[in-house]
Structure formats: C-alpha cells, structure tokens
Amino acid sequence: MKDAADKRMTLSEAAQLVQSGDTVVGGGCCYSRTPWAMLLELVRAERRGLTLARNLMCYESELFLASETASKLVSSWVGIGLRWGIPKVFREYVERDPSIYEEWSHLSFGMRLMAGSMGMPFLPTASLLGSDLLDRLPAEHIRCPFTDQLLVAVPALVPDVALIHVQTADARGNAQIEGPAYMDVECARAANTVIVTAEEIVPSEAIVRTADRTVIPGFVVDAVVEVPFGSYPHECHGRYEADFDHFDGYTEMVTREGVAGVQAYLEETVTAPGSFAAFLDTVGASRLLEQRRRARELVAA
Amino acid sequence: MKDAADKRMTLSEAAQLVQSGDTVVGGGCCYSRTPWAMLLELVRAERRGLTLARNLMCYESELFLASETASKLVSSWVGIGLRWGIPKVFREYVERDPSIYEEWSHLSFGMRLMAGSMGMPFLPTASLLGSDLLDRLPAEHIRCPFTDQLLVAVPALVPDVALIHVQTADARGNAQIEGPAYMDVECARAANTVIVTAEEIVPSEAIVRTADRTVIPGFVVDAVVEVPFGSYPHECHGRYEADFDHFDGYTEMVTREGVAGVQAYLEETVTAPGSFAAFLDTVGASRLLEQRRRARELVAA
Amino acid sequence: MSGATPIELMTIAGSRLLRDGRVVFAGVGAPLEASVLAKRLHAPSLTIVLEGGSIGPRMLPGRLPVSTNEMRAAHDAFMLTSINDLFLYGQRGHYDYGFIGAGQLDQYGNVNTSYIGDPDAPKVRLPGSGGANDIVSSCCEVMIMTRHEPRRFVERVDFITSPGYLNGPESRRSAGLVRNRPVAVVTDMALLGFDEKTGRLRLDALQPGVTEEQVHANTGFELLVSEAIGELPPPTDQELAELRWLRDGNRIDTPQTREVTSAP
Amino acid sequence: MSGATPIELMTIAGSRLLRDGRVVFAGVGAPLEASVLAKRLHAPSLTIVLEGGSIGPRMLPGRLPVSTNEMRAAHDAFMLTSINDLFLYGQRGHYDYGFIGAGQLDQYGNVNTSYIGDPDAPKVRLPGSGGANDIVSSCCEVMIMTRHEPRRFVERVDFITSPGYLNGPESRRSAGLVRNRPVAVVTDMALLGFDEKTGRLRLDALQPGVTEEQVHANTGFELLVSEAIGELPPPTDQELAELRWLRDGNRIDTPQTREVTSAP
C-alpha cells in the first residue's frame, strides 16, 4: 500500500485498514485537529475492542467506550475543556473498572511515541520520577551509563494504526500541518499503518513548492482521504473553531441521560446520517461557515 | 542576556560571548548555511584552543586548526565536496596527531545533540554497533530495559556556544529557517549560549504571522546579528548558491602551498579586510548577485 | 471598581510572582490568566508557553482558551511547535516557572489530579496529569495555584500525580528530582512557601482581610508559619480592570479587541 | 552512442537494482546518480532520500549536487527536514535501500572510509563515516557501489567504519545488527552478493566483456563464486543517454533543463 502512487480512498475504505483489537493512536490534541471523521468511521464500521491512545482525549473517549469500539484507553488527560469538565460517562466507566484506562504524563506519553518514531525500544525522561503514576505503568527506572543520573525509561509505543487529520496532503500522502503539530508527526512515524484525512488534497506541485513545510512523508502513509471539516465539531487550526455550542448540547444530553445520551449522540451523528458528509449536512452550511469566520479572527495577523 | 528584549549586536560583540577553550558547535551542514561570518569572527578575535563540533565539516576545519583557533574537532565527516575531496591541511594535522579529531557517525553525532537539547544525559541508537568507531569513542553499549535489545548509548553534547546562521530572525532571537533545518535546532536547544546570525532581521510581527515556521525561540538565544551573505562563500538555501569558483581558488592555493596557503587565505579574507562586510566588498556585488540568481533557479517551483 | 472575588485575589497574587523577561509554562485557567495579566501589566517580556505547542501567545480578551491546545491559545504566538518539542525545552531547563493548578494538595506540595480514593477502586476519577507531572519534573521553579479549601489541602494526597517534596527534600532528591524545586502555593487566602529543611508548606503571607486562623481552618494539615507573616497588597484598580477585561472582553469580537500591548 | 565507461557500467547496473515505489537512502556520487537514473527510467515512484534532509528530490541535469546537503540536492524535493529526522526514518525501518560508496571493502562487506593504516598512526586520513555507518545500521537492504580495484577489495579493512557481516552473520547478529542486512556490491566489473551462511562476498554476475579471471585478479581476497555466474545486460542507448544528460546537462542552465518526468 505504502508504495502506491495514489492512495486516495473513502473513509469507509480507509476503515478497512483497521482491525478489531488494534491499537489506534489519534492525532491532534483534546478538541484540536482531532481525526473526528475517521474516529467516527471506526464506530460506523463496528470495530470492537480497540485500544485508543491519544495524548489528551476529549469526549471521543466515552463515544468509543459506550459503543464498545474501544475496550481500553491510553492518555495523559481526559476532559472536554474547562467549561465542560471531565466526560461523565468516561468517568463512570473508569470508576467501575480502573484497568481500562492507562494514565501517563503528557511528555512521557509523547516520549513513548517518539521512541516508536525513532525505531528505538525505549527513551529516557525525567518525567514520572517520584510519582505514583510510575508504580502503575510499564515504565522502569534507568540510570545514565555516563552520569549515573536516575531517570525513567518509557517503552516505545508502536501503534497498529495512526489516524491523522491535516490541513493539506497530496494523493501520495505527503502532508503539511498549519499551527501546532501536536504529536502527529511522531504518531505517523511510529505507527505501522497510517491513515491521513485532509481538509484539502492538493497537487504534488503545491507540496514541492513548500517542501520545508511537509512534516509527514508519503512513504509512511497508507491512505489519504479528503474530508473537509474532518475535525468538526472539534477545531482545525486556521480553518474553523471548535463548536462550543455543539459541546454544550452534547454535555447537556450526557449529563441528563448518561450512557444513553452518548448512544443517542452516536445515533444522531453517525448511524442516522450514514456518512460524515451527511452529518455535516445536518449541521448546516451557515453554522460551518460561522466556525470558519471565527477561526479567521484568531489567525489573521 | 537571554531575557533581553533586544539582542541585536555586531559580530565582534557577539564574539565576546565565546571564551578560548570553549566547545563551539556550528550549525548548517558542510558548505550549507554555515555560520561562516561568525566562525571567521572567532579567528579575528583570536580565540584559542576551541573544540569545534559540526555534523559535517568543510574547510573551516583547517582554517581553525591552522590558525590555532581550534585544537580539537568533532564531526562525522570532513570534506569540501566531491569535486575537491578532503581538506589537505586538515588531513595533514590529523595524520600527524589523530587525537585531535573525534569521529562519530552522522546520526550518532546528531543523537548527542538531541540528547543535549532534550535535557537528557544520553540517548540510545542503533548506529555504531559493530563498528571500530565505537571502540574509539566515549559511547557505551546499553540494553533496552524492556526488550533486552543491544544498542549504543551516546552521551549528550552540551556545547558552551552554538553558532547558527538563519534566513530570518527578530531582535529577540526568534528564528526561522528555509529549506532543510540540518541540526540547527538541536544545536540551539542544547548549547548554553546561542549566537544567531541572520540574513535579515525582521519585525516580530512577521514572525508572529508565520509562527509555525519559527524553529528557534528567542528565550534560548543570547545574540542576534544581521549578516547578509553571512554564509558566503558557502550557500544559504534559497538565498545564494555556494561559490564553487571560490572553492576552486582556495583548494588550488592550499594544494600548492599547504598550511601557508591556509594562512594566506585567512590573511586575505579575515585580517586584511578587517570585517566581514569589507571581505564581501572584496568579492564584489556582481559576483554575490550572480550567486543569488543561481539560487533562484534552484528553488523556483 | 467592585471588590475582588476570591478567585481574582488568587489570580492577581499569582501574577505578581512572575518577573519580566522570564519564561512561564502555564496551565490553563487561573495560572494562564495570572500569566497573561502579568504580561499585560508589569512583565511585557514574559514569555508564556502552553502545553499544546504555543510559545509566546497573547490572548484575545474575552476569548481566553478553554483548553491549552486550541486556536485561542495560539493567538499571536511567535512559535507554534509540537507538544514534545515544547515539553523538551522544559526538560532542558529553559522554563523559569512552571505554574499549575491542583485538585488535591498535601503538606509537601504533592499534587493529585488523578484519583480520589483508592486508585484501584476510585471514588472519583479526575482528569489526570496532562502536562502537570512534566511541569513539576522540569520547570526551574514550580508554583501551584488553587482555592484554599480543606478538601483540597489534605494531610496526604490519595495519589501523587505530580510530586512536590514527596516526604521531604531528601526523598525528592533520591527519587531523581534533582534539577528544580517547588517554590510557592498561591491561594485565595494566602501565599505559601516551602520550608527548606523539611519541604513542608509554610504560611508566608495572607490575602487582604484574611486571618491566620481562617487559613488554618481551611488547611487539612498542620501548616508551618513564617516568622513574620506578611500581608499581600490588595489588587489595584488597574489589576482588577485588566483581569476582568481579559476574562469578559467585549461582547462582539472585533479586531479592536485584539491585545496590542507588547512585543513577543 | 559511444561505449560505456567503467563508471557508467557500474552506475547503470546499480540503477537496475532499485525497484519502483521503494525508498532509497543514497550517498552522493555514483549511488545518487544510479538512483536518479532509476527514477527517470523504470522507477518513477522511487523516493530518493539524501543525508542533508532532502526527501524525494529530482535533480536538475547538469547540476547534480556536489554534497548531499546543498540546494541542488534539495531541488524539487517534496520534503525538506532536519538531518536527525531524516536518519530516524531510517532507524524506524522506513528506508528499503541504503546505497553507499566505499573507500576500502573486505570479504564480509565491511567498509572503511576512515583510516588507511593504523588509526593511531594513520597513513591516510579519509573523509569519515558521514551517514554511511548509520545507513548500513538501519536501511533494510544495504547496497555498496565501488570501483573494482585490488587496493579497495582487501582481505580485511584497516578500520570498520560501516559494518558489513563483520566476521560472518553470527558476529553481525551478536553485535546487535539484527534488523537489516547487506545484500549487494555493484562494481564496474561485477555484481556481487553475500553468501547467506558465511556472510562472504560472492560473484553473482559479470559486467559485459569482463571475465571471471579479471574479477579475481582485481579482488584482494578469495571471492566466492555463484553456481551459475550471470552476465549483466549491456547498458541500453537510453540508459547511457539519460545518464550522460544527467551528468552534463546543458551548458546553459535554463528552466527548460528542468526535469519534469515524474510526480514526487
């Protein structure tokens, strides 16, 4: 797959690259540049028992648990943002069975992906030292062979699949990111299979003209899917703000109805529309364009 | 120094930040984006006994040895390029006393800087394994605490000073690089003191508008010097090609006259002109502009 | 100007701890607000860094970020980089201050943001470390900001997400945390420091109008007391006005609301 | 078309080893020329990566790079990144081929580009490893290209800059080199492979017009011989013409000389 000259496909075709039971890492951070369309495609495709890893998780955490798409989550933080707090159903699941959630610190999680992306089985860090997190994690104390400094070694994370949403990519998978890169590059380099969704697929000539902005080379990518608003209702830097009203509606429903609220949300946004494009239609063009306008206010210099 | 809001100064003021005996790392790679003006300023300022480290070295290697500016070199490769081969006087110095040259592989050298830039005393790599390089270097075998894989640990390189030449920076030292970044970012992050020379100092607003292109943050930088053609006769990506005719002239002189040729070159390009700007005047505007034209041919898409 | 709320007292006291020209790694919420306020008032060259990869942002009043990784947190930054890069500058020692919040905090400055109760059968699952553990492990001087409530100031946290002095300076050293240290806890009632010898929290100064007894009553452990307890100056009108403008902004977001105070 | 020179024979034979759609990490000089030639002829989707941080460049005929890090080596690349990034993609296993030159080479494919003679009192100091050691330690299949001369093909290299099979496959494994392997040596006289059991070089095929005896006479050690020695097809006119155009280009560099063959 990786050596194909044209890797364009649909979301549902890309979902075929993910097997039940896989470890899947998602790019972005919390509600920013989340590969939302692709995550929900895995719910639609009824994948089961995934391990979902993401540096900071938003409410995809409880969507995946409540739909049984994931049976385990790996992260450093789970929350929707100051205004909405921790996802209620995620909390219920973990309070019932703490073993379904593996908690790292942000950097130690990042060093696991960096190790994977470097082809190294471990990396050292000063994080986790002295904490109770360390006792519950598959990480080890290590001493520097030169200075004898006490450090923590974290094991490489080599996900089966990485889901990355970017602003632009070409048909071969060469991808460019605007704004913060989060851990997307490490995800793409570490994973064995890489699915890139992009706001826009652009001609290769456009990539070549700005080659020092390319952060993911096509030779690590297996699938490229053009998905405008592919992070919505989350944000995509420079393109659209997160839809906080949508978050309000979601959290109200889940506060009221718990896991049934989560399931109703999936019914509304995944099952009933039948496709991500049809879901965007239910949102409506004017609301999407308003999110775009709000993004422009924040990036215009 | 690092918290000054305006770090602009002259080359000779910046040279005051470097002490004889320091370990100095140079950015760029071979004859590309070399901090040439600043390197020669250290010769002019008569610093002595430096350890000069650079991932691939060009003929600054022998300029520093012959002028006694450096007493030791650390690199993975020393050469001027296919057409000119290995610098002849560098070769003579090392054949006379191999201990003045410490040879790493390109990646293991890079991992030393990356360790320094990460605040870690070491990093693991698969390079150097099985080679005779390893026996002669302060590197150690290490086993992964998780997989037991045999690897090499390289010690962090934390230079006293990093010299970096970039296309653009603001007065505070926020710097942007066009084209390959080489190891400049790792150099700047690892070193205790950082001197940035820039083709252009730009207003901070210009940096803010393209914030995702900033690769060196001002808070690691101690000095910013505007030096147009600061890499000449080496190249600066997108701005000017290396002056191969200049290399021809240099190597002919050194082939003919050996160390005396190197000294004559320093007399001509450093001592006699008295400043880097005056040296550029000896080159002449039309020759510099021709190098610019040639660069445009290579980057225009 | 109407009187300051407890949160405003805390935020303003926090902002005053930040010196100009330094770099502060701030958590979202009150630590970030304190940092932005400092930058607008007495520390124009303060560099704020935020977990999501944003270095040197200036905030749009009324549109403060709700999470550290979003566009509002990147507004007018001079560098937007990757998360690992951002944290590794800290691990290298480039961040003068680390400024975090706390769910639960004990007498040694250990912070819990993971579990209330037994981690194997938790009463409450909290959001987690995020970058807090990394910040306290790497930033030169660590400061914590939190409401002063007995349920937060406990004898021993249920779980150490982000280590303070553990059981004292020696235990911190032997855990490998040798390169930095916790220096202050800012609350709506007081400014606390750490006793050098024991690593225990010490009452250094009171917020205006707060008594020492009130602080003890709201602290779930025996709080050391400084030889001379100070009193923090009350918020100035300018501090309050700036903080409120930051939080509320204008109703209509227009380019005019954009902050233009200081260079990055 | 005039007859091929030995270097042209070698370069063209090297180019034919590269399959379409793969990624080759090429050293400057003949390995790079072989890679560019392959991309222009039978492997349009071959991705060339170069040490200086250039991924997927297409070369301007007549302006081939003199060093792997310069602007000519970056021409029309689809990604320009840092050196560490570039090598770490290799260490992660993303590069199908590593293609390097050799100063001195022994029967186990060990390469010396550091010292001729005793490293503590060298007769000749060579340029060094550069990325060669890293390439042989990480790229999936390692290929070496060099002129076939007795002074290059020695019984035992003076110094192992870039390990081949060391003293055989077991010694390579126990040195920790477990993830990849040397597969071929291409010269102006022959194509050599490695004997799986002993890790020693084996004559697989001859360049057109070269005899087995000539190969042995130019090899400073006992070269294993394949059961059926093949003969490499002579360069086609197209291969020769393309290679010469690449090397010489037009006298005047104009945009028309720009390569437009294939997408990156």
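All chains are named by letter (A, B, ...) in the order of the sequence lines, taking the proteins before the strands, and each is independently numbered beginning at 1. Since the model is a prediction, treat every value here as computed from it, not as a measurement.
Contacts between B/Asn55 and chain D at a heavy-atom distance below 4.5 Å involve the side chain alone, from C-beta outward. Contact of B/Tyr93 with chain D is not made at all, since no heavy-atom distance falls under 4.5 Å. Neither the backbone nor the side chain of B/Leu113 has a heavy atom closer than 4.5 Å to any heavy atom of chain D. Residue B/Phe109: no heavy atom, backbone or side chain, is found under 4.5 Å from chain D. Heavy atoms of B/Cys236 lying under 4.5 Å from chain D belong exclusively to its backbone. If you measure heavy-atom distances from B/Leu82 to chain D, the contacts under 4.5 Å come from both the backbone and the side chain. If you measure heavy-atom distances from D/Glu70 to chain B, the contacts under 4.5 Å come from both the backbone and the side chain. Neither the backbone nor the side chain of B/Met57 comes within less than 4.5 Å of any heavy atom in chain D. For chain D, no part of B/Ser99 is nearby; none of its heavy atoms comes within less than 4.5 Å. Proximity to chain D is limited to the backbone of B/Trp104, based on heavy atoms less than 4.5 angstrom apart. For chain D, the nearby part of B/Leu56 is the side chain; its heavy atoms alone come within less than 4.5 Å. At a 4.5 Å heavy-atom cutoff, D/Ser171 makes no contact with chain B through either its backbone or its side chain. Of the atoms belonging to D/Ser54, not a single heavy atom falls under 4.5 Å from chain B. Residue contact with chain D, scored on non-hydrogen atoms closer than 4.5 Å, involves the side chain of B/Gln149 exclusively. Interface remark: B/Glu92 contributes no atoms to any contact with chain D (heavy atom separation under 4.5 Å). Using a 4.5 Å cut-off between heavy atoms, D/Arg179 touches chain B through its side chain atoms alone.
Smallest separation of non-hydrogen atoms from B/Arg294 and D/Arg63: O-NH2, 3.3 Å. Between D/Asp120 and B/Pro98, the closest heavy-atom pair is O-CG, 3.4 Å. Residues D/Met71 and B/Ala295 share a closest heavy-atom pair of CE-O, 3.4 Å. A pairwise comparison of heavy atoms in D/Ile83 and B/Cys29 identifies CD1-SG, 3.9 Å as the closest pair. The shortest heavy-atom contact between D/Asn69 and B/Tyr182 is O-OH, 2.6 Å.
Contact check for D/Pro163 versus B/Leu129: no side-chain heavy atoms found under the 4.5 Å cut-off. Looking only at side-chain heavy atoms (C-beta outward), B/Phe247 and D/Val66 stay at 4.5 Å or farther from each other. Between D/Leu88 and B/Met111, the closest side-chain pair of non-hydrogen atoms falls below 4.5 Å. The side-chain heavy atoms of D/Arg125 and B/Val78, taken from C-beta on, include no pair separated by under 4.5 Å. Within the 4.5 Å cutoff, no side-chain heavy atoms of B/Leu107 are placed close to those of D/Asn133. Contact annotation: the side chain of D/Val124 approaches that of B/Arg91 to within less than 4.5 Å [non-hydrogen atoms, C-beta and beyond].
Ranking D/Asn84, D/Leu80, D/Asn110 against chain B, the residue ahead of the rest is D/Asn84, based on heavy-atom pairs under 4.5 Å. Between chain D and the residues B/His237, B/His234, B/Glu235, B/Arg33, the largest count of heavy-atom pairs under 4.5 Å involves B/Glu235. Chain B forms the most heavy-atom pairs under 4.5 Å with one residue out of D/Gly90, D/Pro119, D/Gly117, D/Ala121, and that residue is D/Pro119. For chain D, the option among B/Ser32, B/Cys58, B/Gly85 with the highest count of heavy-atom pairs below 4.5 Å is B/Ser32. Of the listed residues (D/Ala74, D/Pro65, D/Ala132, D/Ser114), the one with the most heavy-atom contacts under 4.5 Å to chain B is D/Ser114. By number of non-hydrogen pairs under 4.5 angstrom with chain D, the leading residue of B/Gly81, B/Gly130, B/Gly79 is B/Gly130. Heavy-atom pairs under 4.5 Å with chain D were tallied for B/Ala126, B/Gly179, B/Ser108; the largest tally goes to B/Ala126. Comparing B/Leu128, B/Asp97, B/Asp135, B/Ile80 by how many heavy-atom pairs each has under 4.5 Å with chain D, the most go to B/Leu128.
The CG atom of B/Asp132 sits 8.5 Å away from the CG atom of D/Asn112 when rounded to the nearest 0.5 Å. Going from atom CD of D/Glu51 over to atom SG of B/Cys30 covers 10.0 Å, rounded to the nearest 0.5 Å.
Taking the ring axis of D/Tyr115 as reference, the NZ or CZ atom of B/Arg136 stays within 45° of it and closer than 6.0 Å to the ring centre.
For the residue pair D/Ser129 / B/Glu103, no side-chain donor-acceptor distance below 3.5 Å is found, with atom types taken as modelled.
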